[in-house]
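So that the names make sense, note that chain A is the first sequence line, chain B the second, and so on, each numbered from 1.
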Amino acid sequence: GENVEQHPSTLSVQEGDSAVIKCTYSDSASNYFPWYKQELGKRPQLIIDIRSNVGEKKDQRIAVTLNKTAKHFSLHITETQPEDSAVYFCAASGFPGSQGNLIFGKGTKLSVKP
Amino acid sequence: NAGVTQTPKFRVLKTGQSMTLLCAQDMNHEYMYWYRQDPGMGLRLIHYSVGEGTTAKGEVPDGYNVSRLKKQNFLLGLESAAPSQTSVYFCASKSGTGGPNEQFFGPGTRLTVL
């Protein structure tokens, strides 16, 4: 089955700096890659997603890039702000037998210091 | 429009006790999911349902049962709780095949088994 590895597990940046979180997946048939943000004590919420027919997608300060050959995708946050502090999860879906189910990485705790 | 709701928010059980967690969604979604979230482990799928009357096993189904008697509700049961089932449980839902891929999460249930 699919396996998703996420790095780093913790990331600390200064306000205004950029943050990059990377994920690798094992099943080349996966075709949908969302990123979820979970603030402390809250529910996970989708912030951006990308399909395998697209190499990059941007939404204001966040972007996701996908390298299908290498089977990895990354979340980029520019001009970080304290409210970006949260746990971020990547996921993969679309592999055979998945029925659209998501396999999540273990999460990255991002801390943005003022 | 409440989205996805979960009952209860918190619960403490003794080993061997049983309980049922209720998930309800008012978005007319076909797919519903139960996840557990443990520190450093990300979100792991317990069971899921692709429509009313259907259920299927996810990554970590042992010790849990589910039912989807009504389209808007998805119940997660623990017949004989064990300390290893101490976790935060999240329910999620999404549209069926051909619809948007975003999974919408409930607020979570924090369960402690003593």
Exercise for review: For the residue pair A/Q99 and B/Y48, confirm or rule out a side-chain donor-acceptor distance under 3.5 Å.
Suggested key: yes
Exercise for review: Run the salt-bridge test on A/K106 and A/E5 with the 4.0 Å N-O cut-off and return the result as yes or no.
Suggested key: no
Review point. Which bit of A/P34 comes within less than 4.5 Å of chain B, counting heavy atoms only: side chain, backbone, both or neither?
Key: neither
**Study point:** Options A/Q45, A/K42, A/R51, ranked by heavy-atom pairs under 4.5 Å with chain B, top entry
**Key:** A/R51
Review point. Are B/Q72 and B/E52 close enough that a side-chain donor and a side-chain acceptor fall under 3.5 Å?
Key: no
**Study point:** Distance-only polar pair, side chains of A/H76 and A/S18, donor-acceptor under 3.5 Å
**Key:** no
Exercise for review: Count the heavy-atom pairs under 4.5 Å between each of B/D38, B/L43, B/N101 and chain A, then report the option with the highest count.
Suggested key: B/N101
Study note, to complete from the structure: Bottom line for B/Q37: the part with an atom under 4.5 Å from chain A's heavy atoms is side chain
Practice item. Report yes if the distance between the aromatic ring centroids of B/F90 and B/W34 is under 6.0 Å, otherwise no. Key: no
Point to revise | Best-contacting candidate, B/G108, B/G40, B/A92, against chain A by heavy atom pairs under 4.5 angstrom | key: B/G40
**Study point:** Contact class of B/L45 relative to chain A, heavy atoms under 4.5 angstrom
**Key:** side chain
Review point. In terms of side-chain geometry, is the basic nitrogen of B/K57 or B/D62 positioned less than 4.0 Å from the acidic oxygen of its partner?
Key: no
**Study point:** Interface moiety of B/F104 toward chain A, non-hydrogen atoms closer than 4.5 Å
**Key:** neither
